[in-house]
Amino acid sequence: MISQRVNYFLNYFKIAVLNIKSNISGNIFAFLIMSFSFFIMLFFLLCYINIYNYMNIFQKSNVMIVFLKNKNNSDKKNVLNFIEGLNGVKKALYYNDKSSMKFLEKKVKHLKSILKDANPDNFPAFIKINFKKNAVSSIFLSNIYLRVKSMKGVKLVYYNKMLQDKIVQFMFFTKVIGLILFIFLFILSIFISYSAIKLVILRKQNEIEILKLIGATNNYVRIPMFIEGEIGTILSFSVSIFLLFAIYKIFIFYRFDSFLKFFHIKIIFLNPVQIALVFLIAVVSGIAGTYMSSKKFF
Amino acid sequence: MIEFSHVYKNYDKNYILRDLNFTVDKGEFIFITGPSGAGKTTTLKMLTALEKPTHGAVRFLGTELQDLKPREIPFLRRKIGFVFQDFKLLPNRTVFQNVALGLEVSGIFGNIITKNVSEILKAVELYTKKDEFPLSLSGGEQQRTAIARALVQNPQVLLADEPTGNLDEETSGIIIDIIKSFNNKGTTVMLATHDKHLIANMGRARVIDITKS
């Protein structure tokens with residue numbers, strides 16, 4: 001039984017290869033368009049993954065600054081105790097007027113000459129809160145912001161709320177665009193498989209008729225077409241992933257990414273799971289395209 | 001074995017067959033005759049479920065063919081060999097591969113194919129041309145390839161639709177001799193033709209004129 005199935009498969013595979021050979025120009029054309037489509041899909045995924053990773057790192061290393069109204073010790077203690085008691089707070093550091101000035105000098109080095117004549121008494125006391133990476137979310141920060149802001153002795157709470165919102169918006173935007181592009185390219189690759197197999201069927205209508213006359217089942221005619229579609233899809237996918245990897249390696253080898261280091265961006269390549277996901281999409285598009293084109297004729 | 005019972009076939013208002021009735025027993029050699037357009041090809045096509053009667057019943061081995069489900073049709077066709085006037089060979093396959101197709105579609109592979117195809121090609125005297133492509137063969141050789149393909153599955157019935165229509169008299173004689181030899185081994189043959197000389201030279205055979213039956 002198993003050897004019979006193997007024989008059937010080998011025979012289907014042989015027919016598929018014959019079909020490819022007999023329509024070599026049409027298959028090369030379909031192969032090129034599919035390779036291009038998968039390349040765009042993979043390239044976009046690569047860009048998206050890198051942007052997403054970067055934004056995620058940025059989003060998760062959030063800091064909040066709490067400016068105090070005066071240098072009253074009891075207010076400072078109250079606020080500091082409250083903050084330290086919050087879940088998700090990694091570290092809360094108090095800066096008095098002097099250390100506040102030093103903090104500014106350290107962070108904004110080119111202002112050193114101006115700051116050397118400044119009076120430390122004019123600098124505000126503040127608490128710098130560092131949050132745990134896994135605890136930070138937009139809602140979490142908003143919640144902390146509102147609670148701390150309402151406390152006695154707190155003058156101003158600052159965190160990069162606007163940037164936070166922009167990051168969330170941008171990530172949502174990239175997700176939506178990514179999804180639309182993915183759907184478009186998925187439909188495109190189905191259409192390409194569909195057209196390639198439809199051409200094969202139209203060209204081979206006479207042959208299909210003969211096969212059916214001598215007792216071939218629909219599967220006998222259809223399975224080689226599925227194999228043909230899948231061979232084209234897998235080859236196209238392999239070429240596009242190889243091309244993308246080669247471009248990535250060239251990009252890294254010639255240090256084209258050095259300017260990105262300024263933004264602490266490290267370009268990473270797709271991981272096996274992401275590659276497998278696009279491969280699955282490619283395989284499904286090949287099957288769907290072949291199924292749709294052959295269904296029309298059988 | 002085969003029974004046509006009150007079979008009518010019409011396309012719109014144009015009746016091709018009117019009340020066709022006949023039976024065929026195992027091992028018989030039948031000529032289906034009638035002028036062009038009389039419905040000879042349609043009659044043969046009904047036996048392979050390519051056409052359905054408008055009224056009446058066509059039975060093969062007791063099964064009413066119009067009741068067959070689409071997925072059962074391929075299995076019916078494996079029991080019936082069909083030879084066409086225009087040969088219907090696959091041009092991109094060799095003689096051997098064309099004949100082997102008849103077995104491959106039935107799920108037979110490997111050494112059995114080599115053995116059976118070689119035997120049938122020897123029987124139709126084409127073994128030496130097994131690696132040639134159909135277009136390099138003469139009309140008679142192509143028709144012998146088609147006969148070999150039809151018979152390699154060891155069918156119970158061989159249907160031949162004007163198998164000598166495109167061939168000269170001498171080649172036609174060879175083709176008929178081959179078909180006759182398989183009939184002598186027990187294969188039932190139904191041959192559609194309007195060639196009266198062919199029928200006259202045949203001798204032991206039943207003639208069904210579908211315009212009169």
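What you see is a predicted model, and the numbers here were worked out from it, not measured in a lab. Here is the naming used below: chain letters follow the sequence lines, and residue numbers restart at 1 for every chain.
Crowding of Phe43(A) atom CZ: a count of heavy atoms from other residues, nucleotides or ligands under 6.0 Å not exceeding 12. More than 12 heavy-atom neighbours from other residues, nucleotides or ligands sit within 6.0 angstrom of CD on Glu119(B). Within 6.0 Å of CZ on Phe186(A) lie more than 12 heavy atoms contributed by other residues, nucleotides or ligands. Remark: Phe133(B) CZ is packed, more than 12 non-hydrogen atoms of other residues, nucleotides or ligands lying under 6.0 Å away. Residue-environment remark: CZ (Phe269(A)) exceeds the threshold of 12 foreign heavy atoms within 6.0 Å. Taking a 6.0 Å sphere around CD1 of Ile112(B), one finds it holds 12 or fewer heavy atoms contributed by other residues, nucleotides or ligands. Taking a 6.0 Å sphere around NZ of Lys45(B), one finds it holds 12 or fewer heavy atoms contributed by other residues, nucleotides or ligands. Within 6.0 Å of the OH atom in Tyr248(A), the count of heavy atoms belonging to other residues, nucleotides or ligands exceeds 12.
When all heavy atoms are compared, the tightest approach of Ile214(A) to Gln153(B) is O-NE2, 3.2 Å. The two residues Val105(B) and Ala216(A) come nearest to each other via the heavy atoms CG1-CB, 3.6 Å.
To the nearest 0.5 Å, atoms CG (Asn11(A)) and CG (Leu103(B)) are separated by 11.0 Å. Separating the NZ atom in Lys212(A) from the CZ atom in Arg77(B) is a distance of 7.5 Å, to the nearest 0.5 Å.
A distance-only check finds no donor-acceptor pair linking the side chain of Glu207(A) to the backbone of Asn92(B) [under 3.5 Å].
Looking at residues two or more places apart in sequence or on another chain, you find a side chain to side chain contact (heavy atoms under 4.5 Å, CB included) between Asn271(A) and Val273(A), Gln274(A).
Residues of residues 49-75 of chain B lying within less than 4.5 angstrom of chain A, judged on heavy atoms, are Leu50(B), Pro74(B), Phe75(B) in numerical order.
Looking at Leu213(A), the atoms closer than 4.5 Å to chain B (heavy atoms on both sides) sit in the backbone and in the side chain alike.
For the options Lys79(B), Arg78(B), Glu104(B), heavy-atom pairs under 4.5 Å to chain A are most numerous at Glu104(B).
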